[in-house]
Peer 1: 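Please read through the structure below; I'll follow up with questions.
Below, each value reflects all heavy atoms present in this structure, side chains not excepted, and no hydrogens, waters or symmetry copies. Chain naming here is simple, since letters A, B, ... match the order of the sequence lines and numbering starts at 1 in each. Treat the numbers as computed from the prediction; the structure is a model and nothing was measured.
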Amino acid sequence: DVKVTQSSRYLVKRTGEKVFLECVQDMDHENMFWYRQDPGLGLRLIYFSYDVKMKEKGDIPEGYSVSREKKERFSLILESASTNQTSMYLCASIGTGSAYEQYFGPGTRLTVT
Amino acid sequence: GNSVTQMEGPVTLSEEAFLTINCTYTATGYPSLFWYVQYPGEGLQLLLKATKADDKGSNKGFEATYRKETTSFHLEKGSVQVSDSAVYFCALSERSSGNTPLVFGKGTRLSVIA
C-alpha cells in the first residue's frame with residue numbers, strides 16, 4: 001500500500017524554537033512537496049524537491065528551510081518558530097512520469113505558543 | 001500566474017440531494033485538473049482527474065468535465081450521502097506529467113445531513 005508518513009500528527013512548540021517536521025515516503029518517488037493548509041486560504045506550497053539534495057522555493061518559503069539527504073525523506077525546518085506559523089502542514093510525493101496522483105501524508109498540526 | 005477559484009463554503013445538503021461545486025481556473029498552456037477530498041482528520045486523497053479538454057473524470061459517483069472554453073472543472077454528484085461530508089479541493093498542475101506542484105483552490109466544506 002502506498003504510504004506517506006509524517007513524524008507527528010500534533011506538535012506544540014514555543015516561539016523561537018527550532019522545529020523539524022519529517023516526511024517519509026515508501027514509493028521511491030523523486031518529487032516531494034511541503035504545503036501548509038490554513039482555513040480560507042487552502043493549501044499553499046512552501047518548498048519542493050525533484051531529487052536528493054535538490055530544493056526549490058514555493059510560494060511562501062519565508063521562515064522555512066528544507067533538507068533532502070535521502071530520496072525517501074523530506075524534512076521541513078522552522079529555524080525560529082513564530083505564532084504565525086501555527087498551521088496544518090501537509091507533505092506529498094509523486095513519481096516522475098507517474099499517473100498524476102500526488103500522495104499526501106496525514107498532516108501535522110503545529111501550534112506555536 | 002496559475003490560479004484556481006472555487007465556490008465558497010460551507011455547503012450543507014440533505015442526503016440524496018444533488019451536489020455541484022464550481023471550479024474555474026486560470027493557466028497558461030494545457031493544465032491537468034484534479035479534485036481532491038479531505039475527510040476529517042486525514043490528509044488529501046485524489047478523487048478524480050482530467051488531463052485534457054473534454055475529458056470527464058469520475059469516481060465514487062462524482063464527476064467533473066474539463067471545459068477549456070469556460071476554463072471550468074465543476075464537481076457534481078447526483079445523490080450525496082452523509083459519508084461524503086468532507087472538504088473538497090480543486091487543483092491544477094501546469095505540466096501534463098502532473099509532477100509539478102499543484103495549485104489549489106481554497107477548498108469547499110460539504111456537510112451532508114441525514
Peer 1: I need the B:Gln38 CD to A:Phe104 CZ distance, nearest 0.5 Å.
Peer 2: 9.0 Å
Peer 1: Taking all heavy atoms of A:Gln102 and all of B:Tyr36, pick out the closest pair and write down the distance.
Peer 2: N-OH, 3.2 Å
Peer 1: How about CD on B:Glu15, more than 12 heavy atoms from neighbouring residues, nucleotides or ligands closer than 6.0 Å, or not?
Peer 2: yes
Peer 1: Do A:Tyr64 and A:Phe33 belong to the same hydrophobic cluster, where Ile, Leu, Val, Met, Phe, Trp and Tyr are linked whenever their side-chain heavy atoms lie under 4.5 Å apart, directly or via other members?
Peer 2: no
Peer 1: Strictly distance-based, threshold 3.5 Å: is any side-chain N or O of A:Arg9 a donor or acceptor partner for the main-chain N or O of B:Gly41?
Peer 2: yes
Peer 1: Please determine whether residues B:Tyr66 and B:Leu75 belong to a single hydrophobic cluster, defined as Ile, Leu, Val, Met, Phe, Trp and Tyr linked transitively by side-chain heavy-atom distances below 4.5 Å.
Peer 2: yes
Peer 1: Report which part of A:Leu90 has an atom under 4.5 Å of a heavy atom belonging to chain B: side chain, backbone, both, or neither.
Peer 2: side chain
Peer 1: If you define the side chain from C-beta out and look only at heavy atoms, does anything of B:Leu102 sit under 4.5 Å from A:Tyr35?
Peer 2: yes
Peer 1: Which region of B:Glu8, side chain (C-beta onward) or backbone (N, CA, C, O), has a non-hydrogen atom less than 4.5 Å from a non-hydrogen atom of chain A, or is it both or neither?
Peer 2: neither
Peer 1: Surrounding NZ of B:Lys77 (heavy atoms of other residues, nucleotides or ligands, distance under 6.0 Å), is the total greater than 12?
Peer 2: yes
Peer 1: So if you build clusters from Ile, Leu, Val, Met, Phe, Trp, Tyr with side-chain heavy-atom gaps below 4.5 Å, do B:Tyr25 and B:Tyr88 land together?
Peer 2: yes
Peer 1: Taking heavy atoms only and a threshold strictly under 4.5 Å, list by residue number the residues of residues 13-21 of chain A that touch chain B; give 'none' if the list is empty.
Peer 2: none
Peer 1: Looking only at non-hydrogen atoms, find the nearest pair between A:Leu43 and B:Phe104 and report the distance.
Peer 2: CB-CD1, 3.6 Å
Peer 1: For the residue pair B:Phe89 and A:Gly42, what are the closest heavy atoms and their distance?
Peer 2: CE2-CA, 4.0 Å
Peer 1: Same hydrophobic cluster for A:Ile94 and A:Tyr89, using side-chain heavy-atom links shorter than 4.5 Å among ILVMFWY?
Peer 2: no
Peer 1: Tell me, out of A:Glu56, A:Gln37, A:Arg44, A:Arg109, who's got the most heavy-atom pairs with chain B below 4.5 Å.
Peer 2: A:Gln37
Peer 1: Is it the backbone or the side chain of A:Glu30 that comes under 4.5 Å from a heavy atom of chain B, or both, or neither?
Peer 2: neither
Peer 1: Do B:Phe62 and B:Val37 belong to the same hydrophobic cluster, where Ile, Leu, Val, Met, Phe, Trp and Tyr are linked whenever their side-chain heavy atoms lie under 4.5 Å apart, directly or via other members?
Peer 2: yes
